Amino acid sequence: MKDIFIHVGFPKTGTTFLQQKVFEKLKFSKSFGKPKIEKNMQFIINSICKDDDITFASNKELLFEKLKLIDFKEKNIISLEEFTSCLDVYKYDLIQIQDRLFNIFNSLNKKNYRVKIILVLRNQKDLLLSYYTECYEKIRQINSKWKNFKNFLYKFKNNEEKNFIIDSFNYHLLIRQIYKFYPKKDVKILFYEDFKENIENFMNDLLMFIGDTLDSNHDLKNVKVHYSLKDKNQ
């Protein structure tokens, strides 16, 4: 039985660190995702995240064929921020992306594979500010009224305007959607605040779920963390 772990984000929750310093350094797992991703997997992910409904539907058989060509090991990790970054997906719809992920990778579940989910959450206020800051130009182009953070929040708070970016950080909706497809025992939810507070405990929890260990060349020092609104020196 082969395991495929899909790390679905969120962005600004240490994803780059996990990709470069952890998933790439595991002893027995093969990493798919940044900083490197093979051509067939890239095609599958691009289709899941970017294609319109008609194109995705017409590409399904091709996606299944490309999935068969991928050399999966006993343990495999697919990690990309796009799975939970609403600005990077078709119609900004993260729920639809989870549907597509399940639809494609469920074909493997019937062939001696187990698909499991890794999700890292962060205090929503901190996450929203960090995401807004990094993606400011994209956000301003989508809605010129959102050119400052107060406007971005104000209309949403007063129910004057739908804000799909804020909606995308509704953890309850996303987790409920994931649990529709995967049993709770196959879903690992971690918290970025625990990562900041005690990286060793965070890593032990993650590695136990994956069932792997880091190789002897790993380095977890000098970790760059994202500040929270409560941090004095942000």
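These numbers were taken from a predicted model, which means no experiment stands behind them.
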Chemist: Consider side-chain contact (heavy atoms from CB on, under 4.5 Å). Of Gln20, Lys73, Glu24, which one does Ser31 pass it with?
Modeler: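 Testing each of Gln20, Lys73, Glu24 against Ser31, the sole residue satisfying side-chain contact (heavy atoms from CB on, under 4.5 Å) is Glu24.
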Chemist: Which atoms form the tightest heavy-atom contact between Trp146 and Ile139, and what is the distance?
Modeler: CE3-CG2, 3.8 Å
Chemist: Quick check on Glu137: does its CD atom have over 12 non-hydrogen neighbours (other residues, nucleotides or ligands) under 6.0 Å away?
Modeler: yes
Chemist: State, yes or no, whether a side-chain contact exists between Phe164 and Leu87 at a heavy-atom distance under 4.5 Å.
Modeler: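 Contact flag for Phe164/Leu87 side chains = yes.
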Chemist: Looking at every non-hydrogen atom in both residues, tell me the closest pair between Cys86 and Tyr131 and how far apart they are.
Modeler: N-OH, 3.7 Å
Chemist: Do any side-chain atoms of residues 1-10 form donor-acceptor pairs under 3.5 angstrom with protein atoms, and if so which ones, sequence neighbours left out?
Modeler:
| residue | atom | partner | partner atom | Å |
| --- | --- | --- | --- | --- |
| Lys2 | NZ | Phe72 | O | 2.9 |
| Asp3 | OD1 | Arg114 | NE | 2.7 |
| Asp3 | OD1 | Arg114 | NH2 | 3.1 |
| Asp3 | OD2 | Lys75 | NZ | 3.3 |
| Asp3 | OD2 | Arg114 | NH2 | 3.3 |
| His7 | ND1 | Ser79 | OG | 2.8 |

Chemist: Taking salt bridge (Lys or Arg N to Asp or Glu O under 4.0 Å) as the cut-off, I'd like each qualifying pair that reaches into residues 169-182, sequence neighbours left out, listed once.
Modeler: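 Matches after skipping sequence neighbours: none remain.
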Chemist: Mind running ring pair (Phe, Tyr, Trp, His ring centres under 6.0 Å) on Tyr136 and Tyr132 for me, showing each step along the way?
Modeler: CA-CA 5 Å; Tyr136 175 73; Tyr132 176 88; 5.8 Å; yes
Chemist: Okay, side chain of Glu193, backbone of Asn123: is any donor-acceptor separation there less than 3.5 Å?
Modeler: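 Flag set: sc Glu193 to bb Asn123 pair under 3.5 Å.
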Chemist: What is the minimum heavy-atom distance between Leu121 and Thr13, and which atoms define it?
Modeler: C-CG2, 4.3 Å
Chemist: Which pairs pass salt bridge (Lys or Arg N to Asp or Glu O under 4.0 Å) with one or both residues in residues 204-213, sequence neighbours excluded?
Modeler: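 Salt bridge (Lys or Arg N to Asp or Glu O under 4.0 Å) check on residues 204-213 returns Lys188-Asp205.
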Chemist: Measure the shortest side-chain to side-chain distance between Asn201 and Asp194 over non-hydrogen atoms and say whether it is less than 4.5 angstrom.
Modeler: no
Chemist: Within the 4.5 Å heavy-atom criterion, are Tyr92 and Ile142 side-chain neighbours or not?
Modeler: yes
Chemist: Would you call Phe83 and Ile45 a side-chain contact if the rule is heavy atoms closer than 4.5 Å?
Modeler: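 Result yes, sub-4.5 Å side-chain heavy-atom pair found.
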Chemist: Is there a side-chain contact between Val115 and Asp186 (heavy atoms, below 4.5 Å)?
Modeler: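 Counting from C-beta outward, Val115 and Asp186 never come under 4.5 Å.
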Chemist: Can you confirm whether Leu69 is buried at CG, in the sense that more than 12 heavy atoms of other residues, nucleotides or ligands lie under 6.0 Å from that atom?
Modeler: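 Yes, enclosed.
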Chemist: Could you list all the side chain to side chain donor-acceptor pair (under 3.5 Å) pairs where at least one residue sits in residues 47-58, not counting sequence neighbours?
Modeler: Ser47-Asp51, Asp51-Asn59, Asp52-Thr55, Asp53-Gln96, Asp53-Arg100
Chemist: If you take all heavy atoms of Val22 and Leu214, which pair is closest and at what distance?
Modeler: O-CD2, 3.6 Å
Chemist: Can you tell me if Gln124 uses its side chain to pair, donor with acceptor, with the backbone of Phe169 under 3.5 Å?
Modeler: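 Pair found, side chain donor or acceptor close to backbone of Phe169.
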Chemist: Start with the C-alpha gap between Gln177 and Asp99, add the side-chain angles, then the distance that decides, and say whether side-chain hydrogen bond (donor to acceptor under 3.5 Å, both in side chains) holds.
Modeler: CA-CA 8 Å; Gln177 188 73 0; Asp99 285 342; 2.5 Å; yes
Chemist: Any side-chain heavy atom of Glu134 within less than 4.5 Å of one from Pro11?
Modeler: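 They are not in side-chain contact.
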Chemist: Give a yes or no answer on whether the side chain of Lys30 reaches the backbone of Asp71 with a donor-acceptor pair at less than 3.5 Å.
Modeler: yes
Chemist: List in chain and number order the residues that pass side chain to side chain donor-acceptor pair (under 3.5 Å) with Asn198, two or more places apart in sequence or in another chain; answer none if no residue qualifies.
Modeler: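 Here no residue qualifies.
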Chemist: Give a yes or no answer on whether the side chain of Tyr90 reaches the backbone of Ile97 with a donor-acceptor pair at less than 3.5 Å.
Modeler: no
Chemist: Less than 4.5 Å apart, any side-chain heavy atom of Asn143 and any of Phe152?
Modeler: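 No, too far: nothing below the 4.5 Å cut-off.
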Chemist: Report yes or no: does Ser168 contribute a side-chain atom to a donor-acceptor pair with the main-chain N or O of Ile165 at less than 3.5 Å?
Modeler: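 Checking the backbone N and O of Ile165 against the side chain of Ser168, a donor-acceptor pair under 3.5 Å is found.
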Chemist: Taking all atoms of both residues into account, what is the closest heavy-atom pair of Leu190 and Leu206, and its distance?
Modeler: CD1-CD1, 3.8 Å
Chemist: Can you tell me how the ring of Phe102 sits relative to the ring of Tyr182, calling it parallel under 30°, perpendicular over 60° and tilted otherwise?
Modeler: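 Taking Tyr182 first and then Phe102, their aromatic rings stand perpendicular (interplane angle over 60°).
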Chemist: To check you understand the geometry: which heavy-atom pair defines the closest contact between Leu108 and Tyr113, and what is its length?
Modeler: O-CB, 3.2 Å
Chemist: Quick one, Lys68 with Glu65, criterion salt bridge (Lys or Arg N to Asp or Glu O under 4.0 Å). Give me CA distance, side-chain angles, the key distance, then yes/no.
Modeler: CA-CA 5 Å; Lys68 294 176 185 176; Glu65 289 303 314; 3.3 Å; yes
Chemist: Consider only side-chain heavy atoms of I, L, V, M, F, W and Y, link residues closer than 4.5 Å, and tell whether Phe28 and Phe32 are in one cluster.
Modeler: no
Chemist: To the nearest 0.5 Å, tell me how far Glu81 CD sits from Thr15 OG1.
Modeler: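 Interatomic distance, Glu81 CD to Thr15 OG1, rounded to 0.5 Å: 5.0 Å.
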Chemist: List for me each residue that meets ring-ring contact (aromatic ring centres under 6.0 Å, His included) alongside Phe64, sequence neighbours excluded, and say none if there are none.
Modeler: none
Chemist: Is there a side-chain contact between Leu101 and Ile117 in this structure, where contact means two heavy atoms from C-beta onward sitting under 4.5 Å apart?
Modeler: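 No - every pair of side-chain heavy atoms lies 4.5 Å or more apart.
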Chemist: Determine yes or no for a side-chain-to-main-chain donor-acceptor pair under 3.5 angstrom, with Asn170 supplying the side chain and Asp167 the backbone.
Modeler: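 It does not hold such a pair.
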